[in-house]
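In what follows, every chain begins at residue 1, and chains take the letters A, B, ... in the order their sequences are listed.
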Amino acid sequence: MIDPKRLRQSAPEVARNLARRGFEFDADAYLALEERRKTLQVRTEKLRGERNTSAKSIGRAKARGEDIQPLLAAVEDLGANLEAAEGSLAEVQAALQDIELGLPNLLLDDVPDGGDETGNLEIRRWGECRSFDFAPRDHVELGALLGMLDFDAASRLSGSRFAVLRGGLARLQRALIQFMLDIHTAEHGYEETYVPYLVHSESLVGTSQLPKFEADLFRIASEPPFYLIPTAEVPLTNLVREQILDAEDLPIRLAAHTPCFRSEAGSYGQDTRGMIRQHQFEKVELVQLVTAEQSAHALEALTGHAETVLKRLELPYRVVSLCAGDIGFGAAKTYDLEVWLPGQERYREISSCSVYTDFQARRMKARVRNAETGKPEFIHTLNGSGVAAGRALIAIVENYQQPDGSIQVPTVLEPYMGGTTVLAPA
RNA sequence: GGAGAGAUGGCUGAGUGGUCGAAAGCGCUCCCCUGCUAAGGGAGUAUACGUUAAUAGCGUAUCGAGGGUUCGAAUCCCUCUCUCUCCGCCA
């Protein structure tokens, strides 16, 4: 949520910023509604004040044993007036909140211009893309050859956009997850965290998946409904919802491995081959909860933490800064890590690292007490994949393939593979 | 799933219709006193919103959440959530 004060005081400037995303903010309509809110609120609070004053004097009169009938008659229609005023105020407030929850975050100044992913700005590349002296296969072919990646079985169980991993490949995914968590906890200062995979709607409003993107989520038909988490960002970030933290508690760094569930509504026809885009996938997520002063640096650091994983795995990748038109709803700035996939001969997203400034904190009411002023201030939140395990698995399979279709296990994962150094067809 | 108890400020804990945003204690902050230490005295100590130049005043809201009764609700009624205890079941 954008600071309502800022919306009020500099609506045109906000509209210009959001226009960079291609989002149209009708500042005049908002300000008109806001003006109406102010009038109604002043009126309502004045009426409430009158009611409180007279209720007190009635109480006092009664205590003195006086006749309170005349006093009761004097406040006769106060109640009805107040009720009407409260009703109109609630309506306007709800309308304002709808608008506010639907506004994307303000972009940081250094977010590049652009309307879609072609506007994204490459920041750096790392690693050599391996040159093959044979025709490289993609992960679907390799998985089938190994007998360890079974989409037919998955579709019999659950339909499309699911995968069944077997044997060495299933273990390789587990190894990857362990490896990533070990790096982040032992070297990058994150606390390993286990969290619920089902959350209620308030949490999703907090991290800004709701109310706007309900179609992307799986909802459990309970009362009230649960949602399957689309990313561990949701439970990890919401850990501090409605909290006022001490300044010395920050920064908080949290890491978790969870499955992620996405309905992928509207992605028909995209990435239908293979396990690039699934309803269910495994991910190690990094979340940082920081002060406003720490947040710019924290984004660079967090991105670096995700990069470390790819470097250790010796997977070539590049870092791109998402442009205004491609950046997510709640993010103020995002770096995507894209890993090289020989099977597709292109870089594909494997991690997305974002700073949300106070956008999520405001929705969650997550604050920190300023050490000097003693006043609560909204924290800044960041998150990034560190990294997506399913896509990392694909990247390893495709980058480490041998002419005979076997897969060499990356050196750093060997300790997690129980002595297996090569995945070979049975 | 069944039965019962509970939810009040940073913490403990009073408060069953009327100057209650809330006693008291603890903690914390500032000041005073005290030749060290210990003790003592005084003042202050929630959050959000509105108004405002203002982190000054003033107003409004908040005693788990939502609704109701009433001139007036922490207090009465209804619904829900959560916590605890016991029973059952279970990985």
When you compare the protein's N or O atoms with those of nucleotides 15-18 of chain B, which come within less than 3.5 Å of each other, and at what distance?
from	atom 1	to	atom 2	distance (Å)
B/G18	O6	A/Lys62	NZ	3.2
B/G18	N2	A/Ala55	O	2.7

Distance between C1' atoms of B/A3 and B/G10 (Å, rounded): 35 Å
Which residues share a ring-ring contact (aromatic ring centres under 6.0 Å, His included) with A/Phe23, sequence neighbours left out: none
Tell me which donor-acceptor pairs under 3.5 Å the side chains of residues 206-215 of chain A have, and how far apart each pair is, sequence neighbours excluded?
from	atom 1	to	atom 2	distance (Å)
A/Thr207	OG1	A/Ser203	O	3.1
A/Thr207	OG1	A/Gln209	OE1	2.7
A/Lys212	NZ	A/Gly102	O	3.2
A/Glu214	OE2	A/Tyr227	OH	2.7

C1' gap between B/G21 and B/A46, integer Å: 9 Å
Counterpart residues, ring-ring contact (aromatic ring centres under 6.0 Å, His included), relative to A/Tyr335 (two or more places apart): none
Protein-nucleotide distance (A/Leu71, atom CG; B/U70, atom P), rounded to Å: 19 Å
For A/Glu45, all residues meeting salt bridge (charged side-chain N to carboxylate O under 4.0 Å, His left out), sequence neighbours excluded: none
Spacing of the C1' atoms in B/A7 and B/A91 (rounded, Å): 31 Å
OP1 or OP2 of B/U45 under 4.0 Å from side-chain N/O of A/Arg369: no
Ion pair check, A/Glu264 and A/Arg277, cut-off under 4.0 Å: yes
Sequence neighbours excluded - ring-ring contact (aromatic ring centres under 6.0 Å, His included) pairs with any residue from residues 150-171 of chain A: A/Phe162-A/His279
Test log, rule side-chain hydrogen bond (donor to acceptor under 3.5 Å, both in side chains), inputs A/Gln178 and A/Gln173: CA-CA 9 Å; A/Gln178 297 262 66; A/Gln173 175 166 264; over 6 Å; no
Show which side-chain atoms of residues 414-424 of chain A pair as donor or acceptor with protein atoms under 3.5 Å away, not counting sequence neighbours.
from	atom 1	to	atom 2	distance (Å)
A/Tyr416	OH	A/Asp182	OD2	2.6
A/Thr420	OG1	A/Met417	O	3.3

For atom OH of A/Tyr194 and atom P of B/A91, their distance in whole Å: 17 Å
Pair listing, salt bridge (Lys or Arg N to Asp or Glu O under 4.0 Å) test, anchored in residues 237-250 of chain A, at least two apart: none
For atom CG of A/Leu78 and atom C1' of B/U70, their distance in whole Å: 13 Å
Pair listing, side chain to side chain donor-acceptor pair (under 3.5 Å) test, anchored in residues 103-114 of chain A, at least two apart: A/Arg20-A/Asp113, A/Asn105-A/Thr357, A/Asp110-A/Lys333
Length of the line joining A/Leu245:CG and B/G10:P, which is rounded to integer Å: 14 Å
Between B/U52 and B/U45 - P atom distance, rounded Å: 26 Å
Dot-bracket summary - RNA chain B, pairs being Watson-Crick or G-U whose distances fall under 3.5 Å, with | when paired to another strand: ((((((((.[[[..)..(.....]]]((((((.......))))))((((((.....)))))).[[[[[..)....]]]]])))))))....
Qualifying side chain to side chain donor-acceptor pair (under 3.5 Å) pairs, either residue in residues 139-152 of chain A, two or more places apart: A/His139-A/Glu398, A/Asp150-A/Arg166
Where protein sits on nucleotides 53-64 of chain B, one letter per nucleotide: B base, S sugar-phosphate only, - none, heavy atoms under 4.0 Å: ------BSS---
Touch class at under 4.0 angstrom, heavy-atom based, for A/Arg8 against every strand present: sugar-phosphate
Pairwise 5' ranking along RNA chain B for A/Arg367 and A/Lys38, keeping only the more 5' one: A/Arg367
